[in-house]
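Every chain is numbered from 1 and lettered A, B, ... according to where its sequence line falls, protein lines coming before strand lines. Because only heavy atoms are used, hydrogens play no part in the values below, and waters and symmetry mates are left out as well, while side chains stay in. Owing to the predicted nature of the structure, the values given are computational and were not obtained by experimental measurement.
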Amino acid sequence: MDGPFLNVAWYALVGALLAGYAVLDGFDLGVGALHLLARRDTERRVFLNAIGPFWDGNQVWLVTGGGALFAAFPDVYATVFSGFYTAFILLLFMLIFRGVSIHVRSLRPGPRWRTAWDVAFSGSSVLGSFIIGVAMGNLAWGVPVAADFSYRGNLLHQLHPYALLTGFTVVALFMMHGAIFLVMKTDGELNARVRGWVRPTIIAFVLMYVLQTMATLLYLPRLAEPFRAHPWLFLAPLASLLAIANIPREMHRGRELAAFLSSSAAILLLLLILGLGMFPDLVHGNGPSGTSLTCFNASSSPLTLRTMMILALIGMPLVVGYTFHIYRVFRGKVKLDAMSY
Amino acid sequence: MDLVLLSRLQFAITIGFHYLYPPLSIGLGVALVVMEAMYLKTRQPRYRELSQFWVRIFGLIFAFGVGTGIVMEFEFGTNWARYSRFVGDIFGGPLAAEGIFAFFLESGFLAVLLFGWDRVGPRMHFFATVMVCLGAHFSAVWIVVANSWMQTPTAYRLVETAQGTRAEITSFWGMVMNPSSLDRLAHTIMGCWQAGAFFVVSVGAWYLLRDRHHFVARTSIGVGLAIGMVASLGQLASGHGSAVTVAEHQPAKLAAFEGIYETGANADLTILGWVDEKNRTVHGIRVPGLLSVLIGGSRDTVVKGLNDIPVGDRPPVQATFQLYHLMVAIGMTLIALSWVGGLLAWRGVLYRSRTLLWVMVFAVLLPQMANQLGWAAAEIGRQPWIVYGLMRTAEAVSPTVAPGQVLLSLILFTVIYLALFVVFFVLLDQKIKQGPHAADPHDDAGHGEVA
């Protein structure tokens, strides 16, 4: 493994960790966004217990993605998190509230207690997804970076229309993903109602997706450059379109797992397209310095990249293995028992 | 206000609150492994009930630990950007490894631990418990390795880049096995075991005082005291080892721990005292020459004093001294409590003495205090350095973050963490009062509209 190859491999690996986060935490964030649509107490408990065994492990993909970013691209870690200070502190608060509310919501019987935590859970899920989207939108749009890699914008810069649009797209995407997941985990009358939510969320997501694509092609043509230069890369957008189109098809046939996998594939492919379009930039700079943080100029030393790649190659297959096993253990419809949330 | 001070305060508050939970989950994890092993061996339902009771409490602690823990993963970037750029090549590795080898393991198998009772067999459930416990320990390993490198940096070289100087690693294992890693790791983990041990003992003692749940109470006390006996001696050994390493690699910190100003042999160990910073001396009860003996095995061992350390390189002496001495005093108390308690429990006296049981109820606070105090002593004693001898704390903050932003987040963190701590405390209290045979707590919820 030589230098430049490792930098590219780490670009892909950090991307894979964040994509893993989007696919996995995506559905439980989506469940959170839909949570208040369930009116009855038991229904809300079913929702919480649908994601109960998974959400915590799902969130680790973000934490590990952050750690991997720190290890492989410390300058990106430093620039992004200090640059988007207020947004990320807010995201951290959302993640804290979310985890706590999932766990404590059903520990006391009072309706006011439960409603308060329901609102906290749902609100933090929506706002958390939105902030993640806004951050992605900013990275795609580009941010002002000085030659010393420090961020030169402010909070208002981060709230421009393209970033907000990306925020809404991510919320819609996760809601669709979460609704399909809930169809797999519920039964009876609740299942019938949840099934009814899938269509509107698909429509909302597809509208956002079209808008997002139009805005990207109009305002960020550089993201399309790699696809013009290497036409075979167009297979990725094509595949994403097929994956999205396949979701209503599988739902219609009553194959929820296939629909969920299609939705997961769509998320992975959309992030792949973003990654291909941005390569080699991790933070695209649009400031006067002309500096961008790339996987080459903002990386750790070759020794660190190599050592950490070896550790990741040992560790991640194990993680994927037992995560798959744990998902299998908890497959099927939710049944509430004494140990449930 | 000053950006450096605000950033330090925020880090201290966020890590301080966070560190209430991981020691409990690490220590309770060990107790759970023991209890579930008892169930696996005897297959008696009452051991299953015992394990389930503690698993429920474990879940609560874990949820708060995870919530406050995510902050720590990102706070180096948000508030310590210069530090992150300077040491990322070295410090980022352990943090990534913590995610890959510890957090995934812990949170993945936690699902089986909490919700898998009827979905997997007892053996698989026990395996999950062991994995959660192991994952919790691995997370301690990587974070203590990372912190130890900040205390005793090795296996690095300074490299000039287009954006300034940074430290790059020369050997990954050299970094992992830096001089203070092993002792500090042992010291931290034993501290966590003590926290978990005295927690289960405390709850058990309270049940006996209330004349409830005798089996759960006695088993918890027995398991807790056994772990506590091992851990308290481990603390003595690892604490000693740590002090020797500090003497060798961080002389300014040792001098502040003991309030030593004059360099020389035959240095005294102070048991209890007050540093007179103006007159450069310590008033208190001291054992002549003992520090030299403990550090180097003989009275002739020379201990470096603060007078020989430039003023700008000295940590705050009084704070470091007091935090350290309080920690040591609590550590000694815990040795006594564990062993006397263990002996009396073995003779059956403990279970009948209300006074002793009340002592055990409140002893739960001691390891928590010692863990916080010790951590603070280690970090304040490293000042003014963030990486000892390499980078000063004042140079490490995020230059693009405004003090006002940090002030706001600091206030929010403080308010939210305090509120969450109250919620945690109320729920913990409720779970303990419900006890092991609690009916399904959801039963009384009704099934009506909630919104």
Within the distance-only criterion (no hydrogens, no angle test), does the side chain of [X] pair as donor or acceptor with the backbone N or O of [Y] below 3.5 angstrom?
X: A/Y322; Y: B/L105; answer: yes
X: B/Q163; Y: A/A147; answer: yes
X: A/T304; Y: B/D89; answer: yes
X: A/Y85; Y: B/V401; answer: no
X: A/R108; Y: B/L427; answer: no
X: A/H103; Y: B/A63; answer: no

Checking heavy atoms, do the side chain of [X], its backbone, both or neither come under 4.5 Å from chain B?
X: A/S299; result: backbone
X: A/R331; result: backbone
X: A/N58; result: neither
X: A/V63; result: both
X: A/I96; result: both
X: A/L91; result: neither
X: A/M316; result: both
X: A/E43; result: neither
X: A/V329; result: both
X: A/W55; result: neither

Could you look at [X] and say if it's the side chain, the backbone, both or neither that has a heavy atom under 4.5 Å from chain A?
X: B/F62; result: side chain
X: B/F413; result: both
X: B/R166; result: side chain
X: B/V406; result: both
X: B/L412; result: both
X: B/L110; result: side chain
X: B/T161; result: neither

When heavy-atom pairs shorter than 4.5 Å are enumerated against chain B, which of [options] gives the highest number?
options: A/F97, A/F93, A/Y151; value: A/F93
options: A/N154, A/L303, A/D148; value: A/L303
options: A/G315, A/G66, A/G99, A/G65; value: A/G315

N/O donor-acceptor pairs under 3.5 Å from side chains in residues 122-132 of chain B, not counting sequence neighbours:
| residue | atom | partner | partner atom | Å |
| --- | --- | --- | --- | --- |
| B/H125 | ND1 | B/E36 | OE1 | 2.8 |
| B/H125 | ND1 | B/E36 | OE2 | 3.2 |
| B/H125 | NE2 | B/V112 | O | 3.2 |
| B/H125 | NE2 | B/L113 | O | 3.0 |
| B/T129 | OG1 | B/E36 | OE2 | 2.4 |
| B/T129 | OG1 | B/H125 | O | 3.0 |

Next item on the list: With sequence neighbours left out, write down each residue that passes salt bridge (charged side-chain N to carboxylate O under 4.0 Å, His left out) with A/K333, or none if nothing qualifies.
Entry: none
What is the minimum heavy-atom distance between [X] and [Y], and which atoms define it?
X: B/S107; Y: A/V60; answer: OG-CG2, 3.2 Å
X: B/V55; Y: A/M339; answer: CG1-CE, 4.1 Å
X: A/S301; Y: B/E168; answer: CB-OE1, 3.5 Å
X: A/L311; Y: B/A97; answer: CD1-CB, 4.5 Å
X: A/S150; Y: B/T400; answer: CB-CG2, 3.7 Å
X: A/A78; Y: B/S84; answer: CB-CB, 4.0 Å

Check: Stepwise, does the ring pair (Phe, Tyr, Trp, His ring centres under 6.0 Å) test hold for A/F81 with B/F76?
Finding: CA-CA 9 Å; A/F81 293 113; B/F76 301 106; over 10 Å; no
Highest number of heavy-atom pairs under 4.5 Å with chain A: which of [options]?
options: B/G67, B/G88, B/G77, B/S171; answer: B/G77
options: B/L95, B/T68, B/I100; answer: B/I100
options: B/L60, B/D118, B/V66; answer: B/L60

Item checked: From CD1 (A/I89) to OG1 (B/T78), nearest 0.5 Å ->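 The CD1 atom of A/I89 sits 4.5 Å away from the OG1 atom of B/T78.
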Checklist line | Spatial distance of atom CZ (B/F104) from atom OG1 (A/T64) [nearest 0.5 Å] | finding: 4.0 Å
Next item on the list: Give a yes-or-no answer on whether the side chains of A/T79 and B/R85 include a donor-acceptor pair shorter than 3.5 Å.
Entry: yes
Next item on the list: With ring pair (Phe, Tyr, Trp, His ring centres under 6.0 Å) as the test, would you mind laying out the steps for B/F115 and A/Y341 before giving the verdict?
Entry: CA-CA 9 Å; B/F115 306 110; A/Y341 282 141; 5.1 Å; yes
